[in-house]
Amino acid sequence: MQHAKPLMNIILLILELSVSYAARDILTLGRTAIAPAPAAAGPAASIDNSGIGAVSGLGVNWGTVTYYPLPTDSMVQLLKDNNIKKLKIFDVEHEILTALAGSDIEVMVTVTNGQLADMGNFEVAKEWVKVNLTRYLELKVGVNIAYVAVGNEPFLKDYNGMFNNVTFPALKNIQNALNAANYSRIKATIPINADVYYSPDNNPVPSAGVWREDIADLMDQIVAFYHNNSAPFTVNIYPFLSLYYGKGKFPVDYAFFDGNSNPLMDNGAAYTNVLDANYDTLVTVLNKAGYKNMPIIVGEIGWPTDGDINANVTLAQKFYKGLVKQLATKKGTPLRPSDQMNVYLFGLIDEEGKSILPGDFERHWGIFTYDGQPKFELDITGKGGKNTLVGAKDVKYLSKQWCVVSPSVTNKTALEANADYACKNADCTSLGNGSSCSNLDYLGQASYAFNSYYQNFIQQSASCHFDGLATITTEDPSSGSCKFDVQLAPAPVPIAPAPAPAPALAPVPDSADGPSNSPSGSPSDQSAKSESVRSAFLSIATIVSLLFGLSAFHNL
């Protein structure tokens, strides 16, 4: 076992690096428009999952950073059709919560990082609970809100302590406000990045886990508060990021659940995958703090399907199948063999509005594509039968037409310049090295870029000009795994009743809500942000298309 320590050193050090970025739901307002990720093949339509629930302990994260979303009712029906009973959202999403009323879906809502400082005032926290929870809990058929996530990964090293002094006061006040409102069954918890604990270089095994030095005292206070309120510890763990940041040095087998011929041995315990090793490192730290039975929730875990050589449908399906199988066995981890691990998959659906600063894969975390169709077959029931994911029904698309390079194009320089422009204003993450469309030649890549731009501007003819280099076709240019999408038909914006007034909050810096190195938008709810941007696209699309589609690089 002389190789065990260096191997674990690689695993834990890379895991620490890989999870040190956050912001799962970042709306990049500075970009003109972003097109949806390519769809993959859907499941067999004959499968009926009715009456069969997801495996015990399995939930999903629903991020809403998308410009042309499926109707909320359709998304909630998607959850119901797949018998997903646990949901985590990244704000207090009024439209989502209203649609969930009367269902048995257990929900975790979020106080955003940008609101943490204000929650240090107990009166503001009480008002937040009243405004954001009471009206849903006290409906005739209410919403099953079980948790409040207080911030999202606020102790990331990349934040340089920005939220260190405001997160614990916010946690205390939110939980105390819940208790005061007779909602003590609802637990406040902080979704924390796994870089808050680690194993030292001289003994890199789970049993040597300790808190990160700069926040050790703070973490001790937080877990003591959890214990006093019977609340869970929530942590986000991403094996994919270990592989991504490993740059070829990370043992690939440790990201999955198929066993390993060279397990890491730690005091007689065999570790064959990163999830178990990371989870038990946290268990060790909690044990040392005196909380051997504290419940743990894995708030985010998943595998993207595009945007990197290891982000593909094959590996994602392998990861999720292994994870569901492990959950179904109820064997737990070496240090907690009787634990039923509780995990929230990240995420439910692709989000084309997210920042790609962490990597092109950021827009491709969904187990469903932008249009609510499964990317692969997956039995989330854990039964091992023919049950598989069920796609969204009655999806409305724009016309079946695409924008591609005109057959008469001969000016390669002008073509590449226009394609580059299109990619700066659309989503070309599927063209990157190792991605689903990376094998296209320069004509195919330009067509992909043009079509992404064209679909983003809801197929307005002026957005398929590109200085005369593009043309509209009704022949699908998709090839193999590379899909040229057709945008969803924008739904009419409903006139909804005004929500109850929110408590007055002082301005605060923007903060990250859910993995990355860039800040997200304001503390306002993501649905509103997405809707406002989508509406802006609809109103300015023609002008922008005319300005740029007709005159892009006119002087070339």
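Only a predicted model underlies this, so the values are computations on that prediction, with no experimental measurement involved.
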Item checked: Tyr67-Glu352 side chain donor-acceptor pair, cut-off 3.5 Å -> no
Within a radius of less than 6.0 Å around NZ of Lys331, do more than 12 heavy atoms belonging to other residues, nucleotides or ligands occur? no
For Val92 and Asn132, the nearest pair of non-hydrogen atoms, with its separation, is CG1-O, 3.5 Å
Only one of Ile190, Leu133, Thr110 passes side-chain contact (heavy atoms from CB on, under 4.5 Å) with Val148, and that residue is Leu133
Checklist entry - Have Asn278 and Tyr197 got a donor and an acceptor in their side chains that come within less than 3.5 Å? => result yes
Exactly one of Ile380, Leu78, Leu389 clears side-chain contact (heavy atoms from CB on, under 4.5 Å) with Ile84, and that residue is Ile380
Note to self: Can you confirm whether the side chains of Gln326 and Asp276 place a donor and an acceptor under 3.5 Å from each other?
What the structure shows: yes
Check the orientation of Phe346 and Phe90. Use parallel for under 30°, tilted for 30 to 60°, and perpendicular for over 60°.
perpendicular
- Can a cation-pi geometry be assigned to Lys247 and Tyr244, taking NZ or CZ under 6.0 Å from the six-membered ring centre and within 45° of the ring axis? yes
Taking every heavy atom of Cys423 against every heavy atom of Ala449, the minimum-distance pair comes out as SG-CB, 3.6 Å
Taking 4.0 angstrom as the limit, do Asp214 and Lys157 come out as a salt bridge?
no
Exercise for review: Inspect the contact between Arg363 and Asp427 and indicate whether a charged nitrogen and a carboxylate oxygen are less than 4.0 angstrom apart.
Suggested key: yes
Discussion item. Can you confirm whether the side chains of Asn61 and Lys88 place a donor and an acceptor under 3.5 Å from each other?
Written reply: yes
Original post:
Just checking, is any N or O donor in the side chain of Gln175 or Asn179 under 3.5 Å from an acceptor N or O on the other one?
Top reply: yes
